[in-house]
Trainee: 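Mind looking over this structure? Questions follow.
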Amino acid sequence: MSSGGGKKRGKKELEEEHEDAERWLVSYADMMTVLVALFIVLYAISQVDEVKYDQLRQSLAAGFNAPQVSILSDGAGVLTDNPTEAVVPAVDKIIPSTVDESTSGDGGEAAGEGEAASDADIAAARVEYQSFEELAKSIDTALAAGGMEGVVQFRIDERGLVIGMITDEVFFASESAVLTPTSQSVVDTMTPFLVPLPNEISIEGHADSVPTARYASNWELSSDRATQVLRRMVESDGMPAPRVSAVGYGDSRPLQPNETAEGLTANRRVDLVVLSDEPERIRALLPIVPTLPEG
């Protein structure tokens with residue numbers, strides 16, 4: 001009996017070993033089934049119904065009140081459905097137009113699409129320009145009467161009247177912010193014409209590109225020169241302090257290239273800017289007033 005029982009146990013152990021050896025096939029079949037299903041899903045979602053996609057795009061665009069756009073098939077970007085409907089800002093929105101639409105002929109309609117300067121704005125710009133011209137002539141006449149003719153330069157830009165004090169030995173010693181007697185006389189002569197005005201005054205110091213040894217940089221030198229002019233105007237000549245400010249630009253805003261002696265001299269300067277208090281649209285017209293036809 002013992003020998004018979006041993007044979008049964010041996011047969012059972014062989015059957016169990018055979019079942020364990022084939023179990024990996026089940027896992028392998030499950031994995032292959034999952035992979036096949038995955039590839040089928042990937043293939044299915046890669047096929048886009050262009051008609052349904054376009055309908056969905058239009059419906060979403062209409063729902064969000066957005067412009068109709070189409071995506072290029074080569075991935076180059078986004079274009080409007082109708083390229084001729086692309087909105088491009090008119091030049092007149094960037095640079096005020098001074099063209100008389102009534103005499104512009106066929107181009108009148110196109111010019112009218114922008115924000116052309118009105119006759120009232122042009123007239124206001126003329127008045128502002130003429131007031132700055134008269135101020136410059138008054139100051140120049142007073143300087144000439146004191147024997148200082150031609151020591152300052154005048155120009156009118158979109159900010160207002162710029163009175164340029166070229167900072168050579170006439171106004172400042174080299175690498176110095178101390179006002180010379182001549183520069184004090186110039187400031188004292190100009191300030192009485194500026195005090196009664198309602199305009200704010202910006203005093204802007206500039207320097208050439210040559211490094212300075214007395215200051216940490218040309219920023220400090222230009223700022224100090226502008227501050228000394230401000231102090232002279234406020235402390236000695238009665239300029240109201242709330243209306244005046246000083247700023248230094250170093251060598252960041254040259255009038256001329258610094259490669260020549262003339263350029264270096266022109267860039268060593270202090271500008272007194274009589275700021276226009278007109279709206280921006282009128283200030284933008286100031287530099288081109290001399291080019292406008294008389295009307």
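Nothing here was measured: the structure is a model prediction, and the numbers come from that model.
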Trainee: Begin from the C-alpha positions of Val34 and Met31 and carry the test side chain to side chain contact (heavy atoms under 4.5 Å, CB included) through to its verdict.
Mentor: CA-CA 5 Å; Val34 172; Met31 182 182 68; 5.8 Å; no
Trainee: So, the side chain of Arg253 versus the backbone of Ala207: is there a donor-acceptor pair under 3.5 Å, distance only?
Mentor: no
Trainee: Mark yes or no for whether Ser276, through its side chain, and Gly160, through its backbone, hold a donor-acceptor pair below 3.5 Å.
Mentor: no
Trainee: Just how far is it from atom CE of Met233 to atom CE of Met190, taken to the nearest 0.5 Å?
Mentor: 7.0 Å
Trainee: Once ring pair (Phe, Tyr, Trp, His ring centres under 6.0 Å) is applied, what residue pairs with a partner in residues 224-259 remain, sequence neighbours excluded?
Mentor: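 Every ring pair (Phe, Tyr, Trp, His ring centres under 6.0 Å) pair that includes a residue of residues 224-259, provided the two are not neighbours, is His206-Tyr249.
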Trainee: Could you go through Leu286 and Glu158, starting from their C-alpha distance and side-chain angles, then the distance that decides it, and tell me whether this counts as side chain to side chain contact (heavy atoms under 4.5 Å, CB included)?
Mentor: CA-CA 6 Å; Leu286 290 177; Glu158 67 279 356; 5.7 Å; no
Trainee: Nearest 0.5 Å please: distance from the CG atom of Leu264 over to the CD atom of Gln256.
Mentor: 9.5 Å
Trainee: Leu35 and Leu25: same hydrophobic cluster, using ILVMFWY side-chain contacts below 4.5 Å?
Mentor: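 In one cluster: yes.
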Trainee: For Leu197, does its backbone N or O pair with a side-chain atom of Arg243 as donor and acceptor, under 3.5 Å?
Mentor: yes
Trainee: Hydrophobic clustering (ILVMFWY, side-chain heavy atoms < 4.5 Å, transitive) - are Leu230 and Val195 grouped together?
Mentor: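 Yes, same cluster.
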Trainee: Do Ser131 and Glu134 meet the criterion of a side-chain donor-acceptor pair at a distance under 3.5 Å?
Mentor: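 Judged by distance alone, the side chains do not pair up.
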Trainee: Any idea which heavy atoms bring Ala284 and Pro287 closest together, and the distance?
Mentor: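 Answer, listing the atom of Ala284 first, then Pro287: O-CD, 3.5 Å.
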Trainee: To check you understand the geometry: which heavy-atom pair defines the closest contact between Gly150 and Asp140, and what is its length?
Mentor: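 So the minimum-distance heavy-atom pair works out to N-OD1, 4.4 Å.
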Trainee: Can you find a pair of side-chain heavy atoms, one from Leu161 and one from Ile163, that are under 4.5 Å apart?
Mentor: yes
Trainee: Might you point out which heavy atoms bring Gly205 and Ala226 nearest each other, and give the distance in Å?
Mentor: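 Where Gly205 meets Ala226 most closely, the heavy atoms are N-CB, 3.6 Å.
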Trainee: Check for me, please, whether Trp219 and Leu221 land in the same ILVMFWY cluster - side-chain distances under 4.5 Å, paths through other members count.
Mentor: no
Trainee: First locate atom OG of Ser236, then atom CG of Leu179, and finally report the distance between them rounded to the nearest 0.5 Å.
Mentor: 9.5 Å
Trainee: If we ignore hydrogens and angles and just use 3.5 Å, is the side chain of Ser183 paired with the main-chain N or O of Thr180 as donor and acceptor?
Mentor: yes
Trainee: Checking Asn218 side chain against Asp208 main chain: does a donor-acceptor pair fall under 3.5 Å?
Mentor: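 Such a contact is found between Asn218 side chain and Asp208 backbone.
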Trainee: Using a 3.5 Å distance criterion without hydrogens, assess whether the side chain of Asn267 forms a donor-acceptor pair with backbone atoms of Leu255.
Mentor: yes
Trainee: Side chains of Met165 and Val151, heavy atoms from C-beta outward: is any pair under 4.5 Å?
Mentor: no
Trainee: How many angstroms lie between atom CG of Leu285 and atom CZ of Arg126, to the nearest 0.5 angstrom?
Mentor: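 Reported value, rounded in 0.5 Å steps: 10.0 Å.
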Trainee: State, with a plain yes or no, whether a side-chain heavy atom of Ser245 is found less than 4.5 Å away from one of Glu200.
Mentor: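 Ser245 vs Glu200: side chains apart.
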Trainee: Could you verify whether a donor N or O on one side chain and an acceptor N or O on the other, from Asp188 and Gln184, lie under 3.5 Å apart?
Mentor: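 There is no such pair between these side chains.
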Trainee: Hey, is the main chain of Asp121 close enough, under 3.5 Å, to the side chain of Arg281 for a donor-acceptor pair?
Mentor: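 Here the side-chain-to-backbone pair does not exist.
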Trainee: State whether the side chain of Asp237 and the backbone N or O of Met239 hold a donor-acceptor pair below 3.5 Å, judged by distance alone.
Mentor: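 Not at all, since once roles are kept as given, no pair shorter than 3.5 Å links the two residues.
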Trainee: For the side chain of Arg283 and the backbone of Glu278, is there at least one donor-acceptor N/O pair under 3.5 Å apart?
Mentor: yes
Trainee: From Leu194 CG over to Leu272 CG, what is the distance, rounded to the nearest 0.5 angstrom?
Mentor: 6.5 Å
Trainee: Same cluster or not: are Leu135 and Ile156 linked, directly or through other Ile, Leu, Val, Met, Phe, Trp or Tyr residues, by side-chain heavy atoms under 4.5 angstrom apart?
Mentor: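 In one cluster with Leu135: Ile156, yes.
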Trainee: Would a single hydrophobic cluster contain both Val289 and Val162, if residues Ile, Leu, Val, Met, Phe, Trp and Tyr are joined by side-chain heavy-atom contacts under 4.5 Å?
Mentor: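 No, separate clusters.
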Trainee: Taking CZ in Arg159 as the centre, count heavy atoms belonging to other residues, nucleotides or ligands within less than 6.0 Å. Is the count above 12?
Mentor: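 Count over threshold, so yes.
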Trainee: For the residue pair Ile282 and Ala124, what are the closest heavy atoms and their distance?
Mentor: CD1-CB, 3.6 Å
Trainee: Apply salt bridge (Lys or Arg N to Asp or Glu O under 4.0 Å) to residues Asp251 and Arg268 and explain how you reach the verdict.
Mentor: CA-CA 9 Å; Asp251 57 2; Arg268 295 193 300 266; over 6 Å; no
Trainee: Can Thr182 and Ser185 be counted as having a side-chain donor-acceptor contact under 3.5 angstrom?
Mentor: no
Trainee: Looking only at heavy atoms, what is the nearest atom pair of Thr291 and Ile288, with distance?
Mentor: OG1-O, 2.6 Å
Trainee: Please walk me through it: do Val244 and Val234 pass side chain to side chain contact (heavy atoms under 4.5 Å, CB included)?
Mentor: CA-CA 8 Å; Val244 65; Val234 173; 3.6 Å; yes
Trainee: Looking at Glu280, I want to see if its CD is surrounded by more than 12 non-hydrogen atoms of other residues, nucleotides or ligands under 6.0 Å.
Mentor: no
Trainee: How long is the span from the CD atom in Gln228 to the CD atom in Glu235, to the nearest 0.5 Å?
Mentor: 8.5 Å
Trainee: Are Thr189 and Ile139 close enough that some pair of their side-chain heavy atoms sits under 4.5 Å apart?
Mentor: no
Trainee: Determine whether Val247 and Ile203 satisfy the following criterion, side chain to side chain contact (heavy atoms under 4.5 Å, CB included), listing intermediate values before the conclusion.
Mentor: CA-CA 6 Å; Val247 61; Ile203 305 174; over 6 Å; no
Trainee: Tell me whether the count of non-hydrogen atoms from other residues, nucleotides or ligands lying under 6.0 Å of CD in Glu149 goes above 12.
Mentor: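 No.
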Trainee: Closer than 3.5 angstrom, by distance alone: can the side chain of Asn199 be matched with the main-chain N or O of Leu275 as a donor-acceptor pair?
Mentor: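 Side chain of Asn199 to backbone of Leu275, a donor-acceptor pair under 3.5 Å: yes, one is there.
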Trainee: How close do Asp271 and Gly164 get, counting heavy atoms only, and between which atoms?
Mentor: OD1-CA, 3.4 Å
Trainee: Any pair with a residue in residues 134-165 that passes ring pair (Phe, Tyr, Trp, His ring centres under 6.0 Å), sequence neighbours left out, goes on the list, sorted by first then second residue, please.
Mentor: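 Counting only pairs at least two positions apart or across chains, no ring pair (Phe, Tyr, Trp, His ring centres under 6.0 Å) contact touches residues 134-165.
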